[in-house]
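These notes are about the structure you will find just below.
Note that these values count all heavy atoms, side chains included, but never hydrogens, waters or copies made by symmetry. First the proteins, then the strands, lettered A, B, ... as listed; each starts at 1. It should be emphasised that the depicted structure is a prediction, and the values quoted were computed from it without experimental measurement.
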There are 2 protein chains.
Amino acid sequence: MLSPGATIGVLGAGQLARMLALAAARLGFKTHVFAPSADEPAFDVCAARTIAAYDDPDALDAFARAVDVVTYEFENVPAATAEFLDARRPVRPNPRALALTQDRLVEKEFVQGLGVETAPFADVPDAGALARAVAKLGRPSILKTRRLGYDGKGQVAIRGGGDLGALFRALGGAPCILEGFIDFVKEVSVVAARGVDGEFHAYDISENQHENHILAETRAPAAILPETAVRAKEIARRIAEAEDYVGVLAVELFLVKSGRSERLIVNEIAPRVHNSGHWTLDGALTSQFEQHVRAIAGWPLGSTARLGRVTMRNLIGDDAERWPEIAAEDGACLHLYGKREIRAGRKMGHVTRIELE
Amino acid sequence: MLSPGATIGVLGAGQLARMLALAAARLGFKTHVFAPSADEPAFDVCAARTIAAYDDPDALDAFARAVDVVTYEFENVPAATAEFLDARRPVRPNPRALALTQDRLVEKEFVQGLGVETAPFADVPDAGALARAVAKLGRPSILKTRRLGYDGKGQVAIRGGGDLGALFRALGGAPCILEGFIDFVKEVSVVAARGVDGEFHAYDISENQHENHILAETRAPAAILPETAVRAKEIARRIAEAEDYVGVLAVELFLVKSGRSERLIVNEIAPRVHNSGHWTLDGALTSQFEQHVRAIAGWPLGSTARLGRVTMRNLIGDDAERWPEIAAEDGACLHLYGKREIRAGRKMGHVTRIELE
């Protein structure tokens, strides 16, 4: 167990790193943030900072010497960076968990290997393979780059007609995966944590609503059958155990209904704190950020007890200009990430509303 | 109203400044901390820092230029410092409110001038005056320095016998005040905030238990009559209005019972966030720290709704070594202040326990 006063190293300096640093401070830890550019949200709240490229070995080495454990706020940390650091300090979640989620094909094969359902998929290494994949999975389907996609970036829908070669080239000619269409009623997510000793705690399942491919709103608890909630937590636990995972992870799931029964299909795994868990900052006894810090520090996990019915709404782009109105709203918990420039699609903050039960 | 991205200047870098900085960050503000020594809790979580003496005009001037509003975490900020800064940037709470609480004699006269009861008191400018004061107020009574006392420091009990001259000299020969004995059943406190526009919100009254003259435990709500709670809030409001106060203040009150009726006597005013309000971090929708930031930024105040029955326990000195046990306690919310060295009587952190209602 790391003692209070120890230093948590964080790769990435966006809002997730910022909220991790704030949570780490509550527990008496210092945070050292490492990121390539200076003007980032987390740099305002950390004890130490390194501004350097993720492939700068000298900077990484000095960073490793200055911290007691390394974590990250985003899954696209280069594998070489994670391995370099892991040879010097514990990297949590471990580099293997990171690698598994960096490639959609590898991730889906991993999940299916656990006996857990994913969307049907096919490997699309080149334009030729796309025609065969579409023939197999039908239309509509979604072509996604295997790597580096987020918030709807790096993907394109395959509907009737269209030049498949052109669609493939539109994604830069990178290796892709084709995913079959899922007729889901909603997306839910499990945010859970696993400790160094294998202790596992999941928050209540939340349901997510997207707008323009970006998470817009999360509500907890999700309106799902009790057995579906149990099953969702079990899926997260199975994934975490198979990866020997340490820290918070999020699993996004599609909920498919046939009659009154509900089925869960894994959409994506995020090896980190997740936007759909922001509601825990105000709506649970332990926030996902503190939970992550506890886990990677080797501490016991905190209580995931929920304080009421919670709705978290993202403030995206111009939404952030509504801060005076939200600040004046009775009971609204406002969070702003300290980003200087408002840009379309940029997550600027969020607001949580709690209905005490 | 300060916009998110603005910089809050804080004088003092202890745990209160640290928790203010964490709250400011939630709302998208930056914090610039000013204090004389480097190894302090707030320096780990702020965007900018100045390490300089409180009477260094160049450092103060540069600090004022770098911030949008100035606040402080302790009431012993030199008056000259507050005035120097107030000529350059808004200082909130204002220097007059600060001055009023820096001198126990001035504070008591101010409170009585509002028609609010204090302990009986007498001015003790010198050893000779002490004998007359004791003759007037009787024994037991308490001799306190007019300035710079906290946590039981700068005070001595006058009981039967004893050499009054020696007792006076034991407090360094500084101007003192003698306070008559109050046979109170408990100490309660009001933590409240007043906004720039005069908006006033008080949290539920809490009750405090001291050990060795240091706050040990706070429970909210206090077990007092509903009309006593109303009266306590009214006292805080009257004080805040008379001072044209902006920010969070705490008023410590003695509760005296005669039969079933309850009477409140003002013990002390703290022109700042207060240890007896720490329960609001986990136990209220808006913490006292966010409330203070909202007030000094000219924002509307947040909801003071309480989430349950709350107990806050300070971790003083060696108590901090119990962190592994508290970290493992289900539902306990642990806060550690990042102080490197454990010292007897030093506030190292606190733990909050909530019983959801």
Task: Most contacts with chain A, counted as non-hydrogen pairs under 4.5 angstrom, among B/Ala25, B/Ala332, B/Gly5 - done: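 Heavy-atom pairs under 4.5 Å are most numerous for B/Ala25.
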TODO: Heavy-atom pairs under 4.5 Å with chain A are the metric here; pick the option from B/Trp323, B/Tyr337, B/Trp299 that has the most.
DONE: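 Winner by heavy-atom pair count: B/Trp323.
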With respect to chain B, which residue among [options] yields the maximal number of heavy-atom pairs within a distance under 4.5 Å?
| options | result |
| --- | --- |
| A/Ala327, A/Ala24, A/Pro324, A/Ser303 | A/Ala327 |
| A/Gly338, A/Gly349, A/Gly28, A/Gly302 | A/Gly28 |
| A/Leu334, A/Leu281, A/Leu356 | A/Leu334 |

Can a salt bridge be assigned to the pair [X] and [Y] using a cut-off of 4.0 Å between side-chain N and carboxylate O?
| X | Y | answer |
| --- | --- | --- |
| A/Asp330 | A/Arg353 | no |
| A/Lys347 | A/Asp319 | no |
| A/Arg219 | A/Glu217 | yes |
| B/Arg194 | B/Asp244 | yes |
| A/Asp39 | A/Arg340 | yes |

- [ ] Check step by step if ring-ring contact (aromatic ring centres under 6.0 Å, His included) holds for B/His274 and B/Tyr203.
- [x] CA-CA 12 Å; B/His274 192 258; B/Tyr203 291 97; over 10 Å; no
Using non-hydrogen atoms and a 4.5 Å limit, figure out which bit of [X] sits close to chain A: side chain, backbone, both or neither.
| X | answer |
| --- | --- |
| B/Ser3 | both |
| B/Ala21 | neither |
| B/Ala305 | neither |
| B/Leu22 | both |
| B/Ala320 | neither |

- [ ] Verify whether one side chain among A/His201 and A/Glu199 offers a donor that lies under 3.5 Å from an acceptor in the other.
- [x]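 There is such a pair between these side chains.
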